[in-house]
Student: 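I'd like to ask some things about the structure below.
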2 protein chains.
Amino acid sequence: MRLEDEIKQTSFQSEGQKAYLNIVFTSGWLTLRQAAAFRPYGVTLPQFNVLRILRGQHPKPATVALLIDRMLDKTSNASRIVDKLEEKKLVTRTVCPGNRRAVDIRITAAGLDLLRQIDDSGVLVAAQTGMSTLSDSEFQQLNYLLDKIRA
Amino acid sequence: MRLEDEIKQTSFQSEGQKAYLNIVFTSGWLTLRQAAAFRPYGVTLPQFNVLRILRGQHPKPATVALLIDRMLDKTSNASRIVDKLEEKKLVTRTVCPGNRRAVDIRITAAGLDLLRQIDDSGVLVAAQTGMSTLSDSEFQQLNYLLDKIRA
DNA sequence: CTACATTTAATGTATGTACACTAAATTTGC
DNA sequence: GCAAATTTAGTGTACATACATTAAATGTAG
């Protein structure tokens, strides 16, 4: 749907201003759909993303610093997201033996199970059906333009 | 900067998956810059956006429902954003005489002053310098692609 | 006119975001 | 070897987001 109709604004200062609003609005639109898809599994989107990073490391542990490095949202508080996952027994936290400042974070069997369930359900794919309306070359063009904005 | 480098991920399931991450990441990147620009003025980005909607209505009042309709983030809690603005005396809230369920929200002289200050400062333009790296036709292409995703 | 439904805003609760600050462990420079 | 700097997590606080629920005013059907 055209941005103009979504936010009931008919004129914009510039195409750039409109593009800014469009990026932020589309991001929210997509995130809302993703979050809804995960809700039945009892994890939020940031929690899911941390779990996926941990699975990528498995069976090696990750530190909080590594999570921050790989997270989309660098300023989000990885500690507190790990808190929630620990409460749900999806991850474990142990002081790193080699460096007692750091904390080794590992995904548990239950965590791996949950990710497998979500993978199998196709929920992730379904949540991105909004994303299936573009061709591969259009996606590439989009990625090119977004990367260029942050040049 | 390439998304791959920003989030240290070298492979993606598909261009669509990568585009999804790119939209969300770029949105966060832009929002962070905008928020920093407003901080000296003591308002947050959602608060600023509500103020702008109210200026657009001025001198007519707006209701909470109208704010939600025009906001980028429909599920954000307009009531509480108005709370903050009211505390800062940037808006007023009065029960709507014609419909006592509704609340008339108006921007105050101080609110208009603040917006004028922000406009004059060029802060908004400066915050969007990240957005100046694309040509108009590239922005148009970007808008087209984003609208198509939400088709 | 009254009972029920709908509209409108506000509130409650859990989570996440942004940023400053703290505290402990380690590294570095002398 | 020790003092200062740095690294690493965690905490505190303010704000926003997401969604369910409440409460009051209004509309509507009988």
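Side chains included, hydrogens not; waters and symmetry mates left out as well; all remaining heavy atoms used. Letters A, B, ... mirror the listed sequences (proteins, then strands); counts begin at 1. A quick note: this is a predicted structure, and the numbers were derived from the prediction, not measured.
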Student: So A:Ser27 and B:Thr26, do their side chains get closer than 4.5 Å, heavy atoms only?
Tutor: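 A side-chain contact under 4.5 Å is absent here.
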
Student: Specify the separation, in whole Å, of atom CG of B:Leu72 and atom C1' of D:dT17.
Tutor: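 One finds 14 Å between C1' of D:dT17 and CG of B:Leu72, rounded.
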
Student: Expressed as a whole number of angstroms, how long is the span from A:Ile68:CD1 to D:dT7:P?
Tutor: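 Atom CD1 in A:Ile68 sits about 14 Å away from atom P in D:dT7.
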
Student: Provide, to the nearest angstrom, the distance between the CG atom belonging to B:Leu67 and the P atom belonging to D:dA16.
Tutor: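 From B:Leu67 CG to D:dA16 P: 14 Å.
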
Student: Expressed in angstrom and rounded to an integer, what is the separation of B:Glu86 atom CD from C:dA9 atom P?
Tutor: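 Nearest whole value for this atom pair: 14 Å.
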
Student: Starting at atom CH2 of A:Trp29, determine the distance to atom C1' of D:dA18, rounded to an integer number of angstrom.
Tutor: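 Going from A:Trp29 (CH2) to D:dA18 (C1'), I get 18 Å.
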
Student: Going by heavy atoms in the side chains, are A:Leu142 and B:Asn22 under 4.5 Å from each other?
Tutor: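 No - every pair of side-chain heavy atoms lies 4.5 Å or more apart.
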
Student: Rounded to whole Å, please give me the gap between CZ in A:Phe38 and C1' in D:dA18.
Tutor: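 So the CZ-C1' distance, A:Phe38 to D:dA18, works out to 16 Å.
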
Student: Less than 4.5 Å apart, any side-chain heavy atom of A:Glu6 and any of B:Asp147?
Tutor: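 A:Glu6 vs B:Asp147: side chains apart.
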
Student: Just by protein heavy atoms under 4.0 Å, how would nucleotides 16-28 of chain C read 5' to 3' in B, S and -?
Tutor: SSBB-----BS--

Student: Just so I know, are the side chains of B:Lys88 and B:Val43 near enough to count as touching, which here means a heavy-atom distance under 4.5 Å?
Tutor: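 Yes, side chains in contact.
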
Student: Rounded to the nearest angstrom, tell me the gap between atom CD1 in B:Ile105 and atom P in C:dT8.
Tutor: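 Computing the B:Ile105:CD1 to C:dT8:P distance gives 13 Å.
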
Student: I'd like to know whether NZ of B:Lys8 has more than 12 heavy-atom contacts from other residues, nucleotides or ligands below 6.0 angstrom.
Tutor: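 Yes.
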
Student: Side chains of B:Asn49 and B:Asp73: does their closest heavy-atom pair fall under 4.5 Å?
Tutor: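 Heavy-atom side-chain distance check fails, nothing below 4.5 Å.
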
Student: Hey, does the side chain of B:Thr63 come within less than 4.0 Å of C:dA9's phosphate (OP1/OP2), counting only N and O?
Tutor: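 The answer is yes; a side-chain N or O of B:Thr63 sits under 4.0 Å from OP1 or OP2.
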
Student: Measure from CZ on A:Arg93 to P on D:dA9 and round the result to the nearest Å.
Tutor: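 Roughly 10 Å, once rounded to whole Å.
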
